[in-house]
Amino acid sequence: MTSSLRLVMSAAAVLATALLVAGCTTSPGSSTPSTSSAPTPDDSGSSTVPVAEDDFEAAWLDDGRLFAIVTWGSSMCVPVVDEVTASGQTVTVALVGAPSADGAETACTDDLVPRASIGGVPEGVDPKQDVEFIVTVGDVTDDIDLDGNAALAGAPGEPSDFLPSAGWFDDEGVVLLTWGSSTCPPVVENIEEQPGGATVTFKPHDGICTMDMAPRATMLGFSDDSDDSDEDDFILTLVGDNLDGTVTVIGS
């Protein structure tokens with residue numbers, strides 16, 4: 001028996017592939033997912049993006065090479081990972097507002113949704129062990145404890161293999177990471193939950209897409225019934241938009 005997904009939220013994580021690979025091999029940086037009210041330019045001409053809540057979450061992606069920081073705010077204004085440093089198993093992450101293509105201030109919608117900002121796990125951090133993330137967005141700082149996962153085989157600092165991956169960020173929420181054109185992020189058409197997983201169907205794109213290879217984050221929310229499944233055995237079946245395949249969601 002299936003049940004419809006209660007919450008589906010899609011956000012593009014726009015990051016040049018070269019920057020991501022370089023960031024993963026030295027000091028991880030940039031990505032894209034979303035934020036709250038309109039950015040406020042400072043004296044330097046850059047912009048900051050406030051968040052609506054300081055209750056952040058985190059998830060593992062890309063077999064432990066990447067992480068996602070989930071914040072709440074406007075779906076049109078996604079914070080970007082600006083700087084990542086590590087001391088032992090403590091990872092400090094600075095998020096900033098993503099500028100528009102022409103560098104102008106971005107107008108933000110007045111909705112309140114979860115958004116995922118993707119960054120590279122610094123070399124030397126062990127994703128098999130627990131990690132503490134200290135995340136700052138503007139004047140807001142929050143600590144996030146992310147459990148290690150012994151099944152993670154990726155080595156922080158190594159380039160991505162550019163395959164889809166997904167990780168739980170809370171009991172009912174998953175960040176799905178796919179790779180492709182930054183101008184054509186996946187759009188969810190339908191989700192059906194089944195015992196031990198869910199089928200996610202995507203709408204096809206009709207327009208012209210850029211030929212870059214960027215990470216795109218799609219937020220998926222599930223019903224309370226998904227709590228009955230083993231986190232490490234929850235499988236997403238992706239259908240459509242050239243994403244066909246299966247992904248095992250990484251537990252946290």
Side-chain angles (χ1 to χ4, degrees), residues 7 9-16 19-20 23-24 26-61 66-122 125 130-147 167-170 172-173 175 177 215-219 221 252:
L7 165 70
M9 178 55 60
S10 178
V14 181
L15 175 66
L19 178 59
L20 177 65
C24 288
T26 54
S27 57
S30 300
S31 84
T32 119
S34 211
T35 248
S36 158
S37 54
T40 304
D42 58 25
D43 294 338
S44 68
S46 62
S47 63
T48 58
V49 183
V51 294
E53 301 180 10
D54 62 355
D55 186 15
F56 304 161
E57 302 289 350
W60 294 114
L61 295 170
L66 302 178
F67 63 83
I69 300 298
V70 178
T71 59
W72 289 78
S74 168
S75 58
M76 292 298 293
C77 296
V78 180
V80 183
V81 174
D82 180 56
E83 184 177 3
V84 181
T85 58
S87 176
Q89 291 294 101
T90 299
V91 178
T92 301
V93 182
L95 302 180
V96 297
S100 62
D102 59 4
E105 183 175 314
T106 302
C108 301
T109 53
D110 195 25
D111 54 345
L112 180 62
V113 299
R115 304 80 39 84
S117 302
I118 300 171
V121 179
V125 175
D130 297 349
V131 173
E132 179 187 22
F133 287 92
I134 301 175
V135 182
T136 299
V137 189
D139 295 330
V140 178
T141 298
D142 192 25
D143 294 348
I144 310 166
D145 293 323
L146 182 59
D147 293 343
W168 292 100
F169 67 87
D170 66 17
E172 300 173 22
V175 179
L177 173 66
R216 295 91 52 89
T218 303
M219 309 300 292
S252 61

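At least one side-chain heavy atom of I144 sits under 4.5 Å from a side-chain heavy atom of V135. Counting heavy atoms from C-beta on, the side chains of V131 and F67 never come closer than 4.5 Å. Counting only heavy atoms from C-beta outward, the side chains of I134 and V91 never approach each other to under 4.5 Å. Using a 4.5 Å heavy-atom cutoff, the side chains of L146 and F133 are in contact.
To the nearest 0.5 Å, the span separating CG on L177 from CD1 on I118 amounts to 4.5 Å. Distance check: E57 CD to W72 CH2 gives 9.0 Å after rounding to the nearest 0.5 Å. Distance OG1/T90 to CG/D130: 11.0 Å, rounded to 0.5 Å. Distance check: I69 CD1 to D142 CG gives 9.5 Å after rounding to the nearest 0.5 Å.
P114 approaches V70 most closely through the heavy-atom pair CB-CG1, 3.9 Å. Summarising the geometry of L95 relative to P79, their closest heavy-atom pair is CB-CB, 4.0 Å, with the distance given to 0.1 Å. Of all the heavy atoms in A68 and L61, the pair that sits closest is CB-CD1, 3.8 Å.
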Going through the checks in order, is the side chain to side chain contact (heavy atoms under 4.5 Å, CB included) test met by V93 and E83? CA-CA 6 Å; V93 182; E83 184 177 3; over 6 Å; no

**Message:** Q89 vs V125, test: side chain to side chain contact (heavy atoms under 4.5 Å, CB included). Steps then yes/no.
**Reply:** CA-CA 6 Å; Q89 291 294 101; V125 175; 3.8 Å; yes

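Although no hydrogens or angles enter the test, the distance criterion places a donor-acceptor pair under 3.5 Å between the side chain of D111 and the main chain of S75.
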